[in-house]
Every structure is written in structure tokens, then in C-alpha cells.
Amino acid sequence: MRIEITGMTYGANAVGRAEDGKVMFVAGGAPGDVVEAEATRETKSFREGRIVEFCEKSPSRVEAPCPFSSVCGGCPWMHLSYDAQLKAKRASVVSQLSKIGGGPRERAEELVGECVGSKRQLGYRNKLELAGGRDERGLFMLGFHERGGKLAAAPKTCLLAAKGIEKAPGALRGALSYLQGHDDLGIFRIGVRRSVRTKDTEIALWTGPTGFPRKAAADTLSSALKCTSIVRVIADPGKARKIKKVEALYGKGNWSEELAGNTYRISAPSFFQVNTAQAEKMIALVLDGLELGPDSVVADLYCGAGTFTLPLAQRADYVFAVESAASSVRDLRRNMEGIDGEIEVIGGDSARELPTLGHLDALVVDPPRAGLAKGVAESIAASKAERVAYVSCDPATWARDIARFANVGYELVKATPVDLFPQTFHVETVSILKRI
């Protein structure tokens, strides 16, 4: 069937309509393509399909620089020009704000700014995450998850990785295969971090609580990839990843990065933004939007290792920093050393701790993908904060929470999409709300 592609979803697929008017999601499409497509799945309201033949190619379509982009889940938008990627990301934020946030489309268009592009569209990631597994022969395999979740062998080079770790997949695959032989060392995840500013490189091996050849691992991996630290994170496999212990096998045992004039030391289990230069732009948007004074009292919820906490402390009088992840709390306390500002670190759940903080002048909330828990918007309203900076990595849950804020007396002033993840559909949104 003939399909004209009209836009991108918040996902890997493009979207268009068939001649019968039914919506169709098409893998590998670009806005402006006219294609012959074959349906691979059909429901009452939509179809999913694949491109059989191009009738007309979009001017937004480019030749992907990576030959694996059509199968690897890491860069599903690499076939789009960068300008088209930025427009599609902004359109996603506008669409969700209009559909879920409850306001008219025209108002959403006014509130959402242009997507802030990344200077680097390749080589921007300070971190690679690889999965460990076994192939059909039972041999160790280092890979990425394909679209659909299947583990596939990783290419030797990743074009999204920062200089210094772009060849890590190939180097580590050989080293870990040699290290393990036919034994199973329980390695299920490998994280590699690289700072082009501090020159630190860390390899983190995630394993179950089994016997492990620590010295052999340190010797083999340090020979395969020049690094400043090798650690072993002992954890349970699966989504929960309950961490039992972190062992330093080589070097200093942590990774450092410079961000907005501050040095952050990060342990392997702790979250840190993967695009450092773009994270600095988010910090600037937050600080400008909150309009802080030297006497301001601020809370930074879901604060992690202090991405926003340290800059806030340098601008405000007092900062409550709330975080539940133990490794991030430890990193934050270490990162605070030498900071000229008052920070009170609270290790706990942000939703539970917020009502205990009392009056606040402003807040920063940077929650996980699921967004804010029920009741958090009400607790923020009770704090009498004049302004809130809400940083979100998911347009749908963000728009839902914007509607919740509206119900408790906060209006959206501005939303700015920031592209931390070129070649993907992911986008961060920095939004500023004020109390009415």
C-alpha cells in the first residue's frame, strides 16, 4: 500500500496514513517519504509496517554514516538530517503538551521553544553501555540490543562514543572473550565512561556475586583499553539491578568530569548525563529560569550526584538536595567539597521528603522517565515556591505533570527542548513554571 510519511513518532518509527485513512507506523521512514509499505501488524486503529519500495525520497533523508544503524537500537534516527531531527523532537514536545497537557495547540506552539541542538552529532556520548551474553555456540558475546530487544554482537566501533572509547566495543569484546575462555564469569553488563575534558576513562564490569579473577581482569582490560579506572559492580541481573558491592580492580575507582566549572567524581552505579556540553546548556536554562537571588532557599529533587545542586548552591543561599540512590548520595557529598554554598543532603525519596522541607523559594525536579509521583505537585504547591524548573526526559509524562501543576496553581512559562541524544528520538525538556 502507498503511504506518505508525515512525521516521526516518539520512537524509532515514522508515521503516515494509508489511502483508506488508517494510521501506519513505518520503520525507517522519514517525513516527506512516499513509499510502498507492507503491513506487519494490524489493529483496529493502526497498522505497523516496513518499506518495500521508495516512490519518492524525502529531502530530509541522509545516508547513515553507520552501516548498523538500521538494526542497532542505539541510533534509530541516523537516516534523518540533523535539522529534521531537531524539528521532530520539538514537534513531539508540542504534541504531548497539547494532547496530554490539556491546552490548545496554538498555546503549546507559543510555549515550546526551538530545540537546542548539539554541536557534536557524533562522538558526543561520554558513556557506552554494552550487554554481555552468550551466542548460539555458548561463547561470550558483547553486544547492543537490537530494535525489539534481541541481543546482537556490537560493531567494533561506535560512532556516538566520545573520542577515546569509540573503539571500545571491539577492544573489550576480544579482551573479555580471552579473559573468560569457556568459563562464565557472570558478566551481564559493561559500562565505559570517557571524559574528553579530564581525560578519565573507566571500565565498569557488572557481574553477579560469583568468584572472579580480579587481577587477571585488571591486567587484561587495562592492556586492551587505555583507562584510569576499572571497577567491578556486584549486582543482581535484571531491571532492578540491586547493587551489593563495588570493587576497585585498577586505578582510582571512580570517574571524573568537568561540568559548568565544577568537577564531579562519579562512581560506576551513579547516573550522570551522557552529553556533557548539552548538560551545561540545561543548567544555564534552569538557573536563568528560576531567577534566584542570594537569599533564595531552593530544593533540588532527584538530584543525583549534584548536576544542578552545585550550580544552585553557587547562586542561592541554601539548597536542599534530595536523592534516594545511595551511590549518588555518596558522590554528591564528595562533590560538595570546596563548594562555596550551603547544601543539606537528604538521602531519601523525594516525594516523601518534600513535605518536610518547609517554605521554599524555588525547586528543581529532574525525575526518572516515569515522571512525578502522585501528590508531588500538591506538595510543591504547599511549599509556596514561586518558581519550579522541571527537567524531563519523557514528553508524555512531562505533559501529564504540567497538567497536574496547573491544577494546583502553577502555569507553564516556557519549555525548551534540549537535544542530548542526536541520532535518537530521545529529548530532554527544561520547563519553567511560576505560581499564579
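- Scanning for salt bridge (charged side-chain N to carboxylate O under 4.0 Å, His left out) contacts around K119 gives an empty result, with sequence neighbours left out.
- Remark: side-chain polar atoms of S431 are paired, donor with acceptor, to backbone N or O of Y390 under 3.5 angstrom.
- Salt-bridge check for E53 with R2: failed, with every basic side-chain N at 4.0 Å or more from each acidic carboxylate O.
- At a threshold of 4.5 Å between non-hydrogen side-chain atoms, the residues N254 and D331 do not count as touching.
- Considering only heavy atoms from C-beta on, W398 stays 4.5 Å or farther from I100 through its side chain.
- The backbone N or O of L372 sits less than 3.5 Å from a side-chain atom of D401, completing a donor-acceptor pair.
- With respect to the salt-bridge test (charged N to carboxylate O, under 4.0 angstrom), the residues D20 and R47 qualify.
- Within a 6.0 Å sphere centred on NZ of K252, other residues, nucleotides and ligands contribute more than 12 heavy atoms.
- Salt bridge R193/E257: absent, no basic N to carboxylate O contact under 4.0 Å.
- No side-chain N or O of Q423 forms a donor-acceptor pair with one of Q121 less than 3.5 Å apart.
- Counting non-hydrogen atoms of neighbouring residues, nucleotides and ligands closer than 6.0 angstrom, the NZ atom of K167 reaches no more than 12 such neighbours.
- For F272, the ring-ring contact (aromatic ring centres under 6.0 Å, His included) criterion is met by W255, Y264, not counting sequence neighbours.
- Looking at L205 and L176, their side chains come closer than 4.5 Å, going by heavy atoms from C-beta outward.
- Under the 4.5 Å side-chain criterion, counting only non-hydrogen atoms from C-beta, M282 is in contact with L420.
- Remark: side-chain polar atoms of R120 are not paired, donor with acceptor, to backbone N or O of L122 under 3.5 angstrom.
- R17 and T6 share no side-chain donor-acceptor pair at under 3.5 Å.
- Residue E4 places its CD atom among 12 or fewer non-hydrogen atoms of other residues, nucleotides or ligands, all under 6.0 Å distant.
- One finds the CD atom of Q273 at 6.5 Å from the CG atom of D366 (value rounded to the nearest 0.5 Å).
- Using a 4.5 Å heavy-atom cutoff, the side chains of W206 and I190 are not in contact.
- Between F308 and L301 there is no side-chain heavy-atom pair separated by less than 4.5 Å.
- Inspection of the R265 and S256 side chains reveals no N or O donor paired with an N or O acceptor under 3.5 Å.
- No option in L221, I165, V231, L249 other than L221 meets the side-chain contact (heavy atoms from CB on, under 4.5 Å) test with I203.
- Inter-residue side-chain proximity for Y10 and H426 is flagged as met; some heavy-atom pair is nearer than 4.5 Å.
- Contact annotation: the side chain of E378 never approaches that of N407 to less than 4.5 Å [non-hydrogen atoms, C-beta and beyond].
- For the residue pair S392 / T429, no side-chain donor-acceptor distance below 3.5 Å is found, with atom types taken as modelled.
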